Structure formats: structure tokens, C-alpha cells
Amino acid sequence: MKDGIALAPLQKRAWFNLIVFATVVALYLVSVPLFAWHFHKTLAAASVPALAIFGLCGILGFSSFICDRRNLDEREELIDRRATMLGMTLFWQVFVLSSMGVWAVFSYIRHQTMVPVGFFPFLVWVGFIVFSVTQSVAILVQYERSASDDSL
């Protein structure tokens, strides 16, 4: 917020998404050593049950209440479209590269013919997080660029 100027609804949504994700990552980083200490496990063994904390990313669903898309002007719609396009592009790149990477590891290194089915829901969840964070950062960057263009 510069000089007391209120944030646009898209900016509020982007900051909300980034704060929720940063909080979830911080909780995960704190919980892994805590689980390892409490349950007398190694950090690697404690990191798997600690992944449940990422379920709190479901709070991102409340971001639609922050920004009502029906009340956006043309510039904000363009910013939202560009950010969504960038987020989906990065999502598909991560999804395809991860899918092919896991297939390659299982095929050529472990010599297994099948990829575990439990990997794909995890991959979709990671893709959603990549999409959400990328979209939020793109929104904030575009608003910052448009604010600097307006000051010229």
C-alpha cells in the first residue's frame, strides 16, 4: 500500500493467497522437526505425516469472497486473465514434466512398469499450489507495473 491508497480487490485476493500459502509452508517447516522429536522418528519419516498440514490450503477457497469478479473494470479483467493464463501455463509445465519425470525414474532407474496411483492426486495438489501462487504473484507484479506507468 503506497501513500494510503487502498488495494484493488484482485490485489487483496493475491495477498490473501500468498499469506495463506506462506503460513502453511511455515507450519509445515515447524511441524516436521516437532513430529520427529515427539514420535522419535527421523526427519524424513516425520515429513510424510506433516504433509497433512497442506490441507489448510483449502482456506484459499475463501479468496473468492474477497474479490467479486463481476465488479472488475476492463484493466482488472485483463490483469486477471493474464495472471490466470500464466498460472495455467506454469501448472501444465509442472504437471507434464513431473509426470514424465516420475515415469522415467520408475521405468529406467527402478525398472518398474507402473507409476503408483497415489502420486497423481499429490501431483494435482502441487499443481494447484503452483497455479495459485503464480497467479497471485503475477497479479501483484502487473499492478505494480501499471502503477509505475501511471506515475510517468
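Note that the numbering runs from 1 along the sequence shown for the chain. Every value quoted in this text rests on a predicted model; they were computed, and no experiment measured them.
Atom-to-atom distance recorded for N17:CG and L140:CG is 9.5 Å, nearest 0.5 angstrom. Rounding to the nearest 0.5 angstrom, the gap separating the CG atom in L86 from the CZ atom in R82 is 11.0 Å. Taking CZ of F119 as the start and CE of M114 as the end, the distance is 16.0 Å to the nearest 0.5 Å. In this structure, CZ on R13 lies 13.5 Å from CG on L7, to the nearest 0.5 angstrom. The distance from atom CD of E76 to atom CD1 of I139, rounded to the nearest 0.5 Å, is 10.0 Å. Interatomic distance, L18 CG to L60 CG, rounded to the nearest 0.5 Å: 9.5 Å.
Residue F62 qualifies as open at atom CZ: its count of foreign heavy atoms under 6.0 Å is 12 or below.
Shown here for A46 and A36, the closest heavy-atom pair between the two residues is CB-N, 3.5 Å. Nearest heavy atoms, P49 versus A45: CD-O, 3.3 Å.
Looking at W125 and C57, their side chains come closer than 4.5 Å, going by heavy atoms from C-beta outward. Side-chain contact check for Y28 versus S47: some heavy-atom pair is nearer than 4.5 Å. No side-chain heavy atom of T134 sits under 4.5 Å from any side-chain heavy atom of M88. Contact check for T89 versus Q93: side-chain heavy atoms found under the 4.5 Å cut-off. The closest side-chain heavy-atom distance from L43 to F35 is not below 4.5 Å.
Linking Ile, Leu, Val, Met, Phe, Trp and Tyr residues whenever their side-chain heavy atoms come within less than 4.5 Å places V96 and F91 in a single cluster. If you chain together hydrophobic residues whose side chains sit under 4.5 Å apart, V24 and V126 never meet in one group. Linking ILVMFWY residues whenever their side-chain heavy atoms come closer than 4.5 Å, directly or via other members, places F16 and I129 in the same cluster. V30 and F54 are not part of a single hydrophobic cluster, where members link through side-chain heavy atoms under 4.5 Å apart. Under the 4.5 Å side-chain heavy-atom criterion for ILVMFWY residues, a single connected hydrophobic cluster contains both F21 and L29.
Aromatic ring centroids of F131 and W92 lie 6.0 Å or more apart.
Taking the ring centre of F106 as origin, the terminal cationic atom of R110 falls inside the region bounded by 6.0 Å and 45° from the ring axis.
Looking at V32, L34, I53 one by one, the single match for side-chain contact (heavy atoms from CB on, under 4.5 Å) with L27 turns out to be I53.
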F95/V130 under side chain to side chain contact (heavy atoms under 4.5 Å, CB included): CA gap, chis, key distance, verdict: CA-CA 10 Å; F95 186 80; V130 166; over 6 Å; no
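Not a single donor-acceptor pair under 3.5 Å links the side chain of S132 to the backbone N or O of F128.
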